[in-house]
Amino acid sequence: MSDDDKSPISTREARRLFAGLKSAPALVLAVSGGPDSVALMWLAARWRRSLARGPHLTVVTIDHGLRREAAREAREVKRLATELGLPHRTLRWRGAKPKTGLPAAAREARYRLLAQAARAVGASHVLTAHTRDDQAETLLMRLLRGSGLAGLSAMASLSERDGIVLARPLLEVPKSQLIATLKRARIGFADDPTNRDTAFTRPRLRALLPLLAAEGGDARTLVRLAARLARANAAVELLADGAERFLHLRDRGDAPQAGVRSFEASAFAVLPEEVRLRLLLRAINALGHEGPAELGKVESLLAALDQAIAASPRTGANGRQALRQTLAGALISLAGGRIHVAPAPVRRRKGG
């Protein structure tokens with residue numbers, strides 16, 4: 001760890017971190033009470049005070065109802081927010097909690113509640129305190145799950161969710177520097193024991209990071225890898241955009257069928273495999289009604305499509321279907337020399 005990783009963040013550096021948010025009408029700060037989010041609140045408040053005009057800041061704490069200490073931590077966040085001159089709200093995740101997949105469900109609930117809070121105060125952005133350490137852990141988690149190029153790009157500094165922009169201004173900042181900032185300002189923070197609970201994947205990977213760092217794979221290196229993969233992913237996305245335009249031009253102005261995406265099979269088949277995968281993913285996710293398609297299943301679908309196209313290059317002089325599959329609520333078929341993607345019929349529930 002370099003000395004810079006342990007030095008407090010200066011006022012000048014804080015201005016750089018938040019500079020792109022100056023013109024936003026209002027911002028919601030997601031603050032749990034841990035060191036990262038408390039530092040986010042402290043830095044954002046100091047940055048806002050330095051501006052003659054700037055966004056209205058609102059602090060929001062999500063109480064998931066999973067730990068007895070959470071209510072007390074939310075009160076501490078409110079106390080500090082009040083000292084900083086910031087309004088604060090605590091929102092609670094109510095209802096039954098799942099017995100499996102709890103971290104993912106809690107994350108979904110957190111973002112849903114934060115988006116609701118943002119809309120309530122007219123905020124365009126929700127700011128979260130994800131750090132360089134979080135980015136490295138995310139890359140490792142997705143690597144172990146076999147994610148594709150898009151997933152291995154890890155978290156973006158800006159992304160959209162439920163019509164609200166998620167901003168991660170601290171994504172290049174190490175956690176140690178945030179803790180040093182709070183110590184210099186003499187500001188306390190909470191310690192969430194679930195961050196060390198090895199029943200969950202992320203804490204187990206966090207414990208491995210020192211071993212990886214000893215082999216040269218520290219957080220800085222892993223984040224650099226994620227940035228390079230993100231750069232490559234952006235380039236492939238541009239290729240996929242161009243491929244969509246190419247396939248549309250091949251249709252020679254034929255009027256598209258409403259609610260259906262259709263590609264000329266022979267033109268589709270000559271595109272690079274990664275581009276074909278993305279075109280299928282885009283179509284399935286746009287027209288399906290069962291959530292995002294899994295990459296592995298789309299890969300299997302593409303292999304079946306390629307095989308069907310190769311086996312019958314002029315399939316469909318009589319309109320006969322050479323392939324018909326459903327995936328993620330979308331119906332994918334090959335007939336008449338064309339690939340069609342449309343919404344699949346809704347499955348009838350048993351007993352309904």
Point to revise | CA sep, side-chain torsions, deciding dist, call: R276, L305, side chain to side chain contact (heavy atoms under 4.5 Å, CB included) | key: CA-CA 10 Å; R276 300 201 306 277; L305 269 174; over 6 Å; no

Check your understanding: Looking at D162 and R112, does any basic side-chain N land under 4.0 Å from a carboxylate oxygen?
Key -> no

Review point. Quick one: do D134 and R168 make a salt bridge, cutoff under 4.0 Å?
Key: no

Study note, to complete from the structure: Sorted by chain and number, sequence neighbours left out, side chain to side chain contact (heavy atoms under 4.5 Å, CB included) with R49 holds for A45, R46, L84

Review point. Is a side-chain N or O of T61 found less than 3.5 angstrom from the main chain of A74, in a donor-acceptor match?
Key: no

Practice item. Check whether any side-chain N or O of Q135 sits under 3.5 Å from a backbone N or O of M155 as a donor-acceptor pair, and report yes or no. Key: yes

Looking at [X] and [Y], what are the two nearest heavy atoms and their distance?
X	Y	answer
A120	R89	CB-NH1, 3.9 Å
K175	P35	NZ-CG, 3.8 Å
A267	V270	O-CG2, 3.1 Å
A44	L57	O-CD1, 3.7 Å
H125	A24	ND1-CB, 4.0 Å
N285	A293	OD1-N, 2.9 Å

Study note, to complete from the structure: The complete set of side chain to side chain donor-acceptor pair (under 3.5 Å) pairs with one or both residues in residues 223-239, sequence neighbours excluded, reads N233-R278, E237-R278, E237-R282

Check your understanding: Where do L144 and T201 land on the side chain to side chain contact (heavy atoms under 4.5 Å, CB included) test, with the steps shown first?
Key -> CA-CA 10 Å; L144 295 176; T201 302; 5.8 Å; no

Review point. Can you pull the salt bridge (Lys or Arg N to Asp or Glu O under 4.0 Å) pairs that have at least one residue in residues 288-301, sequence neighbours excluded?
Key: E290-R347, E294-K297

Point to revise | I339 vs I309 side-chain heavy atoms within contact, under 4.5 Å | key: yes

Point to revise | Check: E264 and R338 side chains under 4.5 Å, non-hydrogen atoms | key: yes

I'd like to know whether [atom1] of [X] has more than 12 heavy-atom contacts from other residues, nucleotides or ligands below 6.0 angstrom.
X	atom1	result
E160	CD	yes
R184	CZ	no
R204	CZ	yes
Q307	CD	no
K22	NZ	no

Exercise for review: Go through the steps for T128 and L40 under the test side chain to side chain contact (heavy atoms under 4.5 Å, CB included), then give the verdict.
Suggested key: CA-CA 8 Å; T128 66; L40 172 72; 5.7 Å; no

Check your understanding: Should L17 and L170 be marked as a side chain to side chain contact (heavy atoms under 4.5 Å, CB included) after you check the CA-CA gap, both sets of side-chain angles, and the distance that decides it?
Key -> CA-CA 7 Å; L17 292 172; L170 307 181; 3.9 Å; yes

Practice item. Applying ring-ring contact (aromatic ring centres under 6.0 Å, His included), name anything that partners F263, two or more places apart in sequence or on another chain. Key: F268

Revision key, fill the gap. Residues at least two apart in sequence or cross-chain that pass ring-ring contact (aromatic ring centres under 6.0 Å, His included) with W47, listed by chain then number, are F18

Point to revise | Distance (rounded to the nearest 0.5 Å) between Q177 CD and D133 CG | key: 11.0 Å

Check your understanding: Which of these passes side chain to side chain contact (heavy atoms under 4.5 Å, CB included) with V59: V31, T82, L127, T90?
Key -> V31

Check your understanding: Quick one: hydrophobic cluster around W93, which other residues, with the 4.5 Å side-chain cut-off, linked directly or via members?
Key -> V28, V60, I62, L66, L91, L102, Y111, L113, L114, V121, V126, I164, L166

Point to revise | Residue pair R79, E76: steps toward the salt bridge (Lys or Arg N to Asp or Glu O under 4.0 Å) verdict | key: CA-CA 5 Å; R79 181 190 61 78; E76 281 299 305; 3.2 Å; yes

Check your understanding: Going by atom types only, do R202 and T138 share a side-chain donor-acceptor pair under 3.5 Å?
Key -> yes

**Study point:** R72 vs E69, salt bridge (Lys or Arg N to Asp or Glu O under 4.0 Å): CA-CA, chis, key distance, verdict
**Key:** CA-CA 5 Å; R72 175 180 54 78; E69 302 86 353; 5.9 Å; no

